[in-house]
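Only one structure is covered here, and it is reproduced in the block below.
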Amino acid sequence: MRLCRVPAVLVVAVLVASCTTQQPQPAPLASPTTTASPTPDPKALEKFTEQKLAWDACPSFKDKAFECAKLTVPLDYLKPDGETISIGVLRHKAKNTGRRIGSLVLNPGGPGGSGVSAAARIAKSRPAAALAERFDIVGFDPRGVGTSEPKLVCLTDAERDADRAEDSESDSTPAGIAKQLADAKAYAAKCAERTKHGTELLANIGTRDVVRDLDVLRSALGDEKLTYLGFSYGTQIGTAYAEAYPDKVRALLLDGAVDPELDTAESLVTQMAGFQNTFAKFGKWCAARADCALGRDARAVTKAFQDLVQPLITAPVPAGNRRLSFEDAITGTSAALYSQDAWKFLNDGFAELKRGSGKTLVALADNYYGRESDGRYTGILDVYFAVRCVDSTRIADRGVIDDAHRRMLQGAPFLTGGTPDMSELDICSVWPVPATSEVHKPDVDGLPQPLIISTTDDPATPYASGVNLARDLKGALLTFEGAQHTVFLDGNECVDSAGLAYLIDGELPAPDTRCT
């Protein structure tokens, strides 16, 4: 499942740099995740690190408080005189210019989430008011995403709709697995063929290069050191930046941690267990309601759910002018588990399905897949696969892949018959470019102490991942007791006050602090 800050649901939860403004000297751009990669020449990159951003009105936002610009970066950092690409950036300037600290750069997750959209939303949110007073709130669209150019293109809108309507992933026969692998090869080929710069962009789209872009952005913003806020996959970006440039960090707040020591297979197995845990929490919540569509026995909700959705494999139901497939029902359900605010909608969707309609579950799945009301897709899923496939050593052994699939479903029985993105291991096994990063324990000597927030019943990034990351980064851990994916700036006073104190004043919460 994607690792995104913004819940893929119908409702949205209420969503540091140096004090000097002197232009910093360019920092060496190292490999953020493995010392095996060659290091770019910092002198040759000065034309990028010393560039001046041309701020102007934002085409997609009417609010004049937002400014947008394009950051020019090398397509391949080892070829600084070669092709360039542009990174979309949005800024909301600090309201209190006299007490401005610097820029707060954020990423909402994904991979594939738009930092531009997230920054625009967070800058105007009530919980972030104190940040908007003291910081320029800055968001950037990573390579291949949103306003950055070129945009990654793999499937057409019609092809994505057709892919969602097909339930081939539920077929675990040899013929079904062979078809799934053939589809994975065809998908990977389309990504290379339909994207400008093709395999060269795919080879340079991973977290390694996003981190290099982030440091160029830091320099272009005029900040000597980076203040960064990362949600979900954004914590992976933050971790990689901390390892590459520990002396360039002012403050690092990471919420919904990705464990840097888990490979793709293990991270998916761990994640599916997290979704099962949260589904069980939903079941208890639902069973306590008189209108629970899955019945009043919390111990039987997994069976009740399966009894409700399994018939969709052979008989999809109408969803307006579309149809609800089994895979979309699974995806929509999983998406709603990202936030307790969506649980009512999920229960309504199950009740609706009992009546023979799938509109609500399709809408939940649409949000997860980035499908707009006009039928266009944002492309977030394509970027997700492209980044994931180069961020971890490729797993090509069919036995290992099949074992991971088995353990994923064993840990999440509510997903029996198929699971969202279960083909990820197949896609990455045939990806047209090699991995550019590898899982390992981060080496962050010299890093100022970061703050890691972890939620006890987070479905997408389990609590233990935050504990592990805090240990690896020698950071402070703030625990939130709840069942949702990420929590900072959602309006929880305990969490928000601790995060604000850290980002603004550098004050860390007391050890073992827990919020509810």
Side-chain angles (χ1 to χ4, degrees), residues 1 8-10 163-173 176-177 180 268-269 271-320 322-340 342-369 405-423 457 459-460 483:
M1 296 289 291
V9 294
L10 293 177
D163 183 65
R164 289 173 55 183
E166 185 179 1
D167 280 322
S168 60
E169 288 188 19
S170 304
D171 185 355
S172 58
T173 66
I177 292 174
Q180 186 172 325
L268 289 171
V269 170
Q271 190 181 64
M272 290 304 103
F275 273 95
Q276 178 65 41
N277 177 64
T278 305
F279 183 78
K281 297 283 184 183
F282 163 78
K284 291 181 180 179
W285 170 89
C286 187
R289 298 169 57 95
D291 66 344
C292 180
L294 297 181
R296 303 299 301 277
D297 185 355
R299 296 168 298 179
V301 291
T302 291
K303 183 180 184 303
F305 172 72
Q306 281 287 311
D307 289 345
L308 183 61
V309 299
Q310 281 283 342
L312 295 171
I313 294 176
T314 55
V317 301
R322 298 160 65 199
R323 299 186 75 79
L324 173 69
S325 67
F326 171 74
E327 285 299 332
D328 265 6
I330 291 287
T331 301
T333 299
S334 300
L337 297 179
Y338 277 71
S339 170
Q340 293 184 64
W343 288 5
K344 180 184 182 302
F345 290 91
L346 182 58
N347 185 49
D348 291 346
F350 293 153
E352 188 180 73
L353 179 55
K354 281 186 168 181
R355 299 192 297 269
S357 173
K359 289 181 68 174
T360 296
L361 289 176
V362 163
L364 287 164
D366 281 349
N367 263 262
Y368 174 82
Y369 284 119
H405 285 170
R406 178 188 59 78
R407 289 188 293 138
M408 286 164 66
L409 295 182
Q410 187 178 54
F414 87 100
L415 298 173
T416 298
T419 178
D421 303 343
M422 195 167 78
S423 62
D457 294 301

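Of the N and O atoms on the side chains of Thr360 and Glu352, at least one donor lies less than 3.5 Å from an acceptor on the other residue. Side chains of Thr331 and Tyr369: a donor-acceptor N/O pair is present below 3.5 angstrom, by distance only.
No side-chain donor-acceptor contact under 3.5 Å links Thr278 to the backbone of Tyr338. With hydrogens and angles ignored, the 3.5 Å screen pairs a side-chain donor or acceptor of Arg323 with a backbone N or O of Pro316.
Partners of Ala351 under the side-chain contact (heavy atoms from CB on, under 4.5 Å) rule, at least two apart in sequence or in another chain, are Ala293, Arg355. Under the side-chain contact (heavy atoms from CB on, under 4.5 Å) criterion, Asp348 pairs with Lys344, sequence neighbours left out. Under the side-chain contact (heavy atoms from CB on, under 4.5 Å) criterion, Thr302 pairs with Gln276, Phe279, Pro413, Phe414, not counting sequence neighbours.
Taking CG from Leu268 and NE2 from His405, the interatomic distance works out to 8.0 Å, rounded to the nearest 0.5 Å. A distance of 10.0 Å separates SG in Cys292 from CG in Asp297, rounded to the nearest 0.5 Å. Between the CG atom of Leu312 and the CD atom of Glu327 there is a distance of 10.5 Å, given to the nearest 0.5 Å. Residue Asn347 holds its CG atom at 7.0 Å from CG of Leu294, rounded to the nearest 0.5 Å.
You'll find the side chain of Phe282 stays beyond 4.5 Å of the side chain of Val301, heavy atoms only. By the 4.5 Å heavy-atom criterion applied to side chains, Lys281 and Trp343 are counted as neighbours. Side-chain atoms of Leu361 and Asp328, non-hydrogen and from C-beta on, never get closer than 4.5 Å to each other. Between Met272 and Leu409, every side-chain heavy-atom pair lies at or beyond the 4.5 Å cut-off.
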Point to revise | Verdict with supporting geometry, Tyr368 and Leu364, side chain to side chain contact (heavy atoms under 4.5 Å, CB included) | key: CA-CA 7 Å; Tyr368 174 82; Leu364 287 164; over 6 Å; no
Review point. Should Asp366 and Arg164 be marked as a salt bridge (Lys or Arg N to Asp or Glu O under 4.0 Å) after you check the CA-CA gap, both sets of side-chain angles, and the distance that decides it?
Key: CA-CA 10 Å; Asp366 281 349; Arg164 289 173 55 183; 2.8 Å; yes
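Across every non-hydrogen atom of Ala165 and Ser325, the tightest pair is O-CB, 3.8 Å. The two residues Thr416 and Gln310 have their closest heavy-atom pair at O-NE2, 3.1 Å. Shortest non-hydrogen contact noted between Gln306 and Leu415 is NE2-C, 3.9 Å. Of all non-hydrogen atoms in Ala298 and Gly283, the two that sit nearest each other are CB-O, 4.1 Å.
Heavy-atom neighbours of Arg299 CZ from other residues, nucleotides or ligands within 6.0 Å: at or below the threshold of 12.
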